[in-house]
Amino acid sequence: MGYSLVGLLVLIADIYAIYQVLTSSASTGAKLIWTIVIVLLPVLGFIAWLIAGPRGRSVNV
């Protein structure tokens with residue numbers, strides 16, 4: 001049962017990330033790449049999106 005709960009949480013997080021990517025103002029190419037990364041690497045893709053996703057680019061140094 002523990003694995004199914006973790007899997008469900010990962011699925012919910014990935015759906016949220018994909019929704020945020022698709023509704024962002026990023027270019028179509030960036031949206032496509034982020035969606036593919038999140039789908040192919042569910043946990044690592046989600047973490048990468050949290051760190052450097054379309055929202056993460058608003059802070060330019």
Side-chain angles (χ1 to χ4, degrees):
M1 175 137 172
Y3 289 119
S4 61
L5 181 60
V6 172
L8 181 63
L9 291 175
V10 169
L11 177 65
I12 291 170
D14 286 345
I15 290 172
Y16 172 76
I18 291 171
Y19 173 77
Q20 291 297 320
V21 166
L22 295 178
T23 59
S24 72
S25 62
S27 69
T28 304
K31 289 179 183 182
L32 180 65
I33 290 170
W34 276 114
T35 303
I36 290 170
V37 167
I38 293 169
V39 168
L40 292 179
L41 303 168
V43 176
L44 294 176
F46 178 73
I47 293 170
W49 171 78
L50 281 176
I51 295 170
R55 285 186 300 133
R57 290 191 202 164
S58 62
V59 179
N60 292 328
V61 177

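Every heavy atom of this structure was used, including side-chain atoms; hydrogens, water molecules and symmetry mates were not.
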Q.
Working to the nearest 0.5 angstrom, can you tell me the gap between Thr35 OG1 and Trp49 CH2?
A. 11.0 Å
Q | Gap separating the OG atom of Ser27 from the CD1 atom of Ile33, nearest 0.5 angstrom | A | 7.5 Å
Q) Between Ala17 and Ile38, what is the shortest heavy-atom contact and its length? A) CB-CD1, 3.7 Å
Q) In Å and rounded to the nearest 0.5 Å, what is the CG to CG distance from Leu22 to Leu32? A) 9.5 Å
Q: Determine whether Ile15 and Val21 fall in the same hydrophobic cluster, where Ile, Leu, Val, Met, Phe, Trp and Tyr are linked whenever their side-chain heavy atoms lie under 4.5 Å apart.
A: no
Q.
Please determine whether residues Phe46 and Val39 belong to a single hydrophobic cluster, defined as Ile, Leu, Val, Met, Phe, Trp and Tyr linked transitively by side-chain heavy-atom distances below 4.5 Å.
A. yes
Q) Any chain of hydrophobic side-chain contacts (each under 4.5 Å) joining Leu11 to Leu44? A) no
Q | Separation between OH of Tyr19 and OH of Tyr16, rounded to the nearest 0.5 Å | A | 9.5 Å
Q. Is the closest side-chain heavy-atom distance between Val43 and Val10 below 4.5 Å?
A. yes
Q. When rounded to the nearest 0.5 angstrom, what is the spacing between NZ in Lys31 and OG1 in Thr23?
A. 7.5 Å
